[in-house]
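Basis for what follows: all heavy atoms, side chains included, without hydrogens, waters or symmetry-related copies.
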Amino acid sequence: MVPATLTEALARVMPGRVRADEPLARHTSFRIGGPADVLVQPDTAEELGVVMREAAAQGVGVSMLGGGSNMLVGDGGIRGVVVKLGRGFRRVEWGEQGVRAGAAVQLGRIARESVGRGLSGLEHAEGIPGTVGGALFMNAGAYGGDVAAVVDAVWGVDASGRVQRLDRTALAFQYRRAVLPAGFVVTAVAFALRPDVAAPTRMDDARRRRTASQPHGLANAGSIFKNPRGDHAGRLIEAAGLKGWRVGGARISERHANFIVNEGRAHAADVQALMSVAQRAVWERSGVWLEPEVRLVGSW
């Protein structure tokens, strides 16, 4: 639990932006998740630094929520302080061949605006849900492109509350992951883009492919599993006969088997059970153990 002294200290710095027992289902794309002990919404790097320092001083853990996509929050919620970056982290600054975007900016917005300016490098990301900060952390990608290819620099707050800038050379990217310093919270990302008149065509193609293959109209968290080398998780799950499989209020999508959708009453435990079913079935049929792409966080 979060001591009342910490909640009060944060409320003095961020009046009206500190909420106790906040249901996280309101803040995730899955519309699933129990309460945060305390949810805070800092608007500046300085306020975020205060959160990090005050929480560390009182021995309380800090978790980042981001845009709430690509994660499954347990039905028991998240203990400690949960940070959701506020409107101050939605600033965008365009240059001739690049952009610096706050971590709370929607990645799809930056992708569309860059193409509108005749710039290439993010057109694959037009339909990827979530924020710039989350996309950086997950090295989000689709249709042959990823964030790592265009990141130029990253700003953030470290575990001690200090503001830092990391050049691209200081970052290590892996498949669906960026390796950042322990406790580092991303506040802004600079993308280096390039002029390309063919960018709108590639974005339109990515949009058509996404619309044709992915579920729409029901809450989900995007791809559930990482694609194993040389194959696709969706193909393996479909081959195991699991399209349409249900547990409680969760269902493996008939349109794309690597998506689990919330039919409106799903619990995190339902989704977790479906993930286990898919992992076991694919292993038994194909000898491949699927690794989750969605992050399972919180109390179960």
Separation between OG1 (Thr131) and CG (Leu136), nearest 0.5 Å, reads 9.5 Å
Audit row: Glu54, Val51, side chain to side chain contact (heavy atoms under 4.5 Å, CB included) steps and yes/no: CA-CA 5 Å; Glu54 291 287 343; Val51 174; over 6 Å; no
Could you state the interatomic distance from CZ (Arg17) to NZ (Lys84), rounded to the nearest 0.5 Å? 13.5 Å
Flag yes if more than 12 heavy atoms outside Arg285 fall under 6.0 Å of its CZ atom; otherwise flag no. no
Just by distance, no angles: are the side chains of Arg255 and Ser253 close enough, under 3.5 Å, to form a donor-acceptor pair? no
Using a strict threshold of under 4.0 Å (side-chain N to carboxylate O), is an ion pair present between Asp37 and Arg79? yes
In one Ile/Leu/Val/Met/Phe/Trp/Tyr side-chain cluster, 4.5 Å: Val189, Phe184: yes
State plainly whether one hydrophobic cluster holds both Leu39 and Met52, where clusters connect Ile, Leu, Val, Met, Phe, Trp and Tyr through side-chain heavy atoms under 4.5 angstrom apart. no
For Arg162, does the CZ atom sit with more than 12 other heavy atoms under 6.0 Å from it, leaving out its own atoms? no
Presence of salt bridge, Glu113 and Arg109, under 4.0 angstrom: yes
Under the side chain to side chain contact (heavy atoms under 4.5 Å, CB included) test against Tyr175, which residue among Asn139, Asn227, Asp146 passes? Asn227
Verify same cluster id: Leu236, Phe259 (apolar side-chain graph, 4.5 Å): no
Go through the structure and list residues passing salt bridge (Lys or Arg N to Asp or Glu O under 4.0 Å) with Asp231, not counting sequence neighbours. Arg235
Could you walk me through whether Arg208 and Asp205 pass the side chain to side chain contact (heavy atoms under 4.5 Å, CB included) check? CA-CA 5 Å; Arg208 283 193 297 270; Asp205 179 62; 3.9 Å; yes
Arg202 and Ser120: side chain donor to acceptor below 3.5 Å: yes
So if you build clusters from Ile, Leu, Val, Met, Phe, Trp, Tyr with side-chain heavy-atom gaps below 4.5 Å, do Leu122 and Phe137 land together? yes
Smallest separation among heavy atoms of Pro42 and Phe89, with atom names: O-CE1, 3.3 Å
Intermediate values then yes/no, side chain to side chain contact (heavy atoms under 4.5 Å, CB included), Arg251 and Leu218: CA-CA 10 Å; Arg251 184 181 85 244; Leu218 290 174; 3.8 Å; yes
Kindly compute the distance separating CD (Gln214) from NE2 (His256), expressed to the nearest 0.5 Å. 6.0 Å
Partner of Leu290 by side chain to side chain contact (heavy atoms under 4.5 Å, CB included), out of Lys226, Arg280, Met275, Gln279: Gln279
Polar contact flag, side-chain donor to acceptor under 3.5 angstrom, Thr169-Asp167: no
Val157 and Gly49 have their tightest heavy-atom pair at CG1-CA, 4.0 Å
With a cut-off of 6.0 Å (strictly less than), are more than 12 heavy atoms of other residues, nucleotides or ligands near CZ of Arg91? no
Could you tell me which residues satisfy ring pair (Phe, Tyr, Trp, His ring centres under 6.0 Å) with His27, sequence neighbours excluded, listed by chain and number? none
Decide yes or no on side chain to side chain contact (heavy atoms under 4.5 Å, CB included) for Phe30 and Ile260, but give the supporting numbers first. CA-CA 9 Å; Phe30 237 146; Ile260 293 176; 4.2 Å; yes
Membership question, hydrophobic clusters at under 4.5 Å side-chain separation (ILVMFWY): are Val247 and Leu242 in the same one? yes
